Amino acid sequence: VGLWRLTQNTDNGPVPLYLQVAGQEGAALYSGDWDELVLVDWKLQPEGVFFNWQVQGFNVAFQGTRRGEKVEGTWELVHPQYHMRSSFDGVRLLSGASWRPLQSSDPEAMPEFLDLNRPLIEHHSDLTDYWHQTFYPDFLPLLQDAPSPEQLSDTLGQPAFAQQAQEFARIGENLAAQLSRLSVQLPYRVVALPFGPEQPRRVRVGPSAFLLANPSAMLHDSPEQAETKIALALLRASFEQYHPTATAPSLEVFRRGIPVYLWVRSYSRPLEEPLGVSAARLHELEGKLEELKRRAESLQQLGQAEWAILGYHFLRYLAESRPLPTLVELPVKEINHAFENFLKPAGALEKPAPGR
């Protein structure tokens, strides 16, 4: 019973997996990015484990022997035309039948922006105890490559770290406040960490959804434009989750327009800032809007700023008949229908139909 991190050894290198065991009555398997995998069969005993999961029509069977807090064994990919077999090992991270990130916090009271740098800085004098007793069991298992307390202490000891953490917290909290003013809630709680990915990474475990962000990495370039760049990066990572593998022009335009439109509505600042263009270039793009529509409809290649300006105007068009909180979660059918009207020449453009 508990949370186990498994390492599947493959020809392409180690692959992390997580096995959450609530007892004989329940178990769940997650990928290294915390996508839930389909367990089709499993058997857990004090001395060993067997489970079978399915991916893209392939069955992958794991069978291992437990020795205390560790487990090791073999995995086998079972398919009539393709066969693989190798080893795996694992370690129990946490004991207990139930676990979810930050379980000691009240989900209803938890802020949209959660700064985990602040308590780490405050507990620098007793960092090892705080790390093992509080920080680790509540959150750390979400990270694939978590540092040791010694490495963390070195990071906290850097002169610029506290300043970067404070600046990032200010930007994140301000963004959450601006969205709240518009009655829009971030679908992921932003969690500021002193380590982790250079770009915000989405993590979902059951009902808990987090956006992991590393302040030092995100403040490394262009500090003078930090507020705009970080706010946009957080908005993209939070709201581009809708239709993330978009291939249809309507969904691609919608997906790219969300962060830009929300940024402009939140900060009431010039559109050229989130687009990263000059006022003259923005004026040029605005004049080419009808051309951009035609190019998007025929799946022609568009530049980043061209996609963004088209997306921004599409979101403005949608917002004429829909409240902003519902705009970010429109179903595909409504997006496609609205996009057909949006592509019409300006003189023939219909007023968008009210959303449900």
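Since the structure is predicted, the reported quantities are computational estimates derived from the model, not experimental observations.
- Within the 4.5 Å cutoff, the side chain of L156 has heavy atoms near those of the I121 side chain.
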_S95/V1 under side-chain contact (heavy atoms from CB on, under 4.5 Å): CA gap, chis, key distance, verdict_ = CA-CA 6 Å; S95 59; V1 172; over 6 Å; no
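- Atom CD of E72 sits about 12.0 Å away from atom OG1 of T7, to the nearest 0.5 Å.
- Considering only heavy atoms from C-beta on, L120 comes within 4.5 Å of P194 through its side chain.
- For residues 173-184, the pairs satisfying salt bridge (Lys or Arg N to Asp or Glu O under 4.0 Å) are R118-E173, with sequence neighbours left out.
- Taking the charged nitrogens against the carboxylate oxygens, R322 and E334 do have a contact shorter than 4.0 Å, which makes a salt bridge.
- When atom types are taken as modelled, the side chain of R255 and the backbone of G257 share no donor-acceptor pair closer than 3.5 angstrom.
- Connection of V78 to M84 is not established within any shared hydrophobic cluster, with ILVMFWY side chains joined at heavy-atom distances below 4.5 Å, either directly or through further cluster members.
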*Check step by step if side-chain contact (heavy atoms from CB on, under 4.5 Å) holds for V49 and T65.*
CA-CA 6 Å; V49 58; T65 301; over 6 Å; no
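- Linking Ile, Leu, Val, Met, Phe, Trp and Tyr whenever their side-chain heavy atoms come within less than 4.5 Å puts V71 and L39 in one cluster.
- In this structure, CG on L262 lies 5.5 Å from CZ on F239, to the nearest 0.5 angstrom.
- Checked by atom type and distance alone, the side chain of S31 pairs as donor or acceptor with a backbone atom of D35 at under 3.5 Å.
- Note that CZ of F113 is 7.5 Å distant from CG of L234, once rounded to the nearest 0.5 Å.
- Using a 4.5 Å cut-off on side-chain heavy atoms (C-beta onward), L330 and L318 make contact.
- Within 6.0 Å of atom CD in E284, more than 12 heavy atoms from other residues, nucleotides or ligands are found, so the atom counts as buried in its surroundings.
- A side-chain donor-acceptor contact under 3.5 Å links S278 to the backbone of R281.
- Atoms CG and NZ, on D89 and K70 in that order, are 9.0 Å from each other to the nearest 0.5 Å.
- The two atoms that bring P325 and V328 nearest to each other are O-CG2, 3.6 Å, heavy atoms only.
- Linking ILVMFWY residues whenever their side-chain heavy atoms come closer than 4.5 Å, directly or via other members, leaves V21 and V40 in distinct clusters.
- Of all non-hydrogen atoms in L310 and A296, the two that sit nearest each other are CD2-CB, 3.6 Å.
- Side-chain contact annotation: N341 with K344, donor-acceptor N/O pair under 3.5 Å present.
- Using a 4.5 Å heavy-atom threshold, the side chains of H313 and E286 count as touching.
- E272 is linked by a side chain to side chain donor-acceptor pair (under 3.5 Å) to nothing, counting only residues two or more places apart in sequence or in another chain.
- When hydrophobic clusters are built by joining Ile, Leu, Val, Met, Phe, Trp and Tyr residues whose side-chain heavy atoms come closer than 4.5 Å, directly or via intermediates, Y312 is grouped together with L182.
- With a 6.0 Å radius and a threshold of 12 heavy atoms from other residues, nucleotides or ligands, E69 has its CD atom above the threshold.
- There is no side-chain donor-acceptor pair under 3.5 Å between N9 and S86.
- N174 and E227 share a side-chain donor-acceptor pair at under 3.5 Å.
- A salt bridge links E252 with R256: at least one charged nitrogen is closer than 4.0 Å to a carboxylate oxygen.
- Across all non-hydrogen atoms, the minimal contact from A192 to D115 is CB-OD1, 3.8 Å.
- For the atom pair R170 CZ and L175 CG, the distance stands at 11.5 Å (nearest 0.5 Å).
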*Take W34 and Y18 through the ring-ring contact (aromatic ring centres under 6.0 Å, His included) test and state the conclusion after the steps.*
CA-CA 8 Å; W34 288 97; Y18 296 92; 4.3 Å; yes
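- For CD of Q304, the number of neighbouring non-hydrogen atoms (other residues, nucleotides, ligands) closer than 6.0 Å is 12 at most.
- Remark: E297 does not engage R294 in a salt bridge, criterion side-chain N to carboxylate O under 4.0 Å.
- For the pair V277/L271, no side-chain contact is recorded, criterion being any heavy-atom separation below 4.5 Å from C-beta on.
- F51 does not carry K43 over the face of its six-membered ring by the limits of under 6.0 Å from the centre and within 45° of the normal.
- Closest heavy-atom contact between A308 and V260: CB-CG2, 4.1 Å.
- Residues K288 and E306 meet the side-chain proximity criterion, which asks for heavy atoms closer than 4.5 Å.
- Residues W42 and L19 form no side-chain contact, since every pair of their non-hydrogen atoms from C-beta on lies 4.5 Å or further apart.
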*Any chance you could lay out the salt bridge (charged side-chain N to carboxylate O under 4.0 Å, His left out) test for R189 and E112, step after step, and finish with the verdict?*
CA-CA 5 Å; R189 286 186 171 88; E112 288 188 272; over 6 Å; no
*asked:* Determine whether R269 and T228 satisfy the following criterion, side-chain contact (heavy atoms from CB on, under 4.5 Å), listing intermediate values before the conclusion.
replied: CA-CA 10 Å; R269 302 251 287 275; T228 297; 3.9 Å; yes
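- Under a cut-off of 6.0 angstrom, the local environment of NE2 in H124 is crowded, with over 12 non-hydrogen atoms contributed by other residues, nucleotides or ligands.
- Checked for salt-bridge contact, E76 and R85 meet the test: a charged N lies under 4.0 Å from a carboxylate O.
- Rounding to the nearest 0.5 Å gives a distance of 10.0 Å between CH2 of W4 and CG of L44.
- Annotation for S250 and F314: closest pair O-CE2, 4.1 Å, computed over non-hydrogen atoms.
- The minimum heavy-atom distance between E36 and A28, with the atom names listed, is OE2-CB, 3.9 Å.
- Annotation: F88 is in aromatic contact with F62 [ring centroid separation under 6.0 Å].
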*Which is it for R66 and R92 under the side-chain contact (heavy atoms from CB on, under 4.5 Å) test, yes or no, and what are the steps along the way?*
CA-CA 10 Å; R66 176 188 174 189; R92 182 160 66 171; 3.7 Å; yes
*Take R295 and E291, measure what salt bridge (charged side-chain N to carboxylate O under 4.0 Å, His left out) needs, and give me the verdict at the end.*
CA-CA 6 Å; R295 288 170 60 191; E291 176 192 338; 3.7 Å; yes
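- No donor-acceptor distance shorter than 3.5 angstrom exists from the side chain of S238 to the backbone of L235, with no hydrogens or angles considered.
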_Worked verdict on F254 versus F339 for ring-ring contact (aromatic ring centres under 6.0 Å, His included)_ = CA-CA 9 Å; F254 177 80; F339 192 67; over 10 Å; no
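- Residues F50 and Y30 do not share a hydrophobic cluster, defined by chaining ILVMFWY side chains whose heavy atoms lie under 4.5 Å apart.
- In this structure the side chain of S87 never reaches within 4.5 angstrom of the side chain of W75, judged on heavy atoms.
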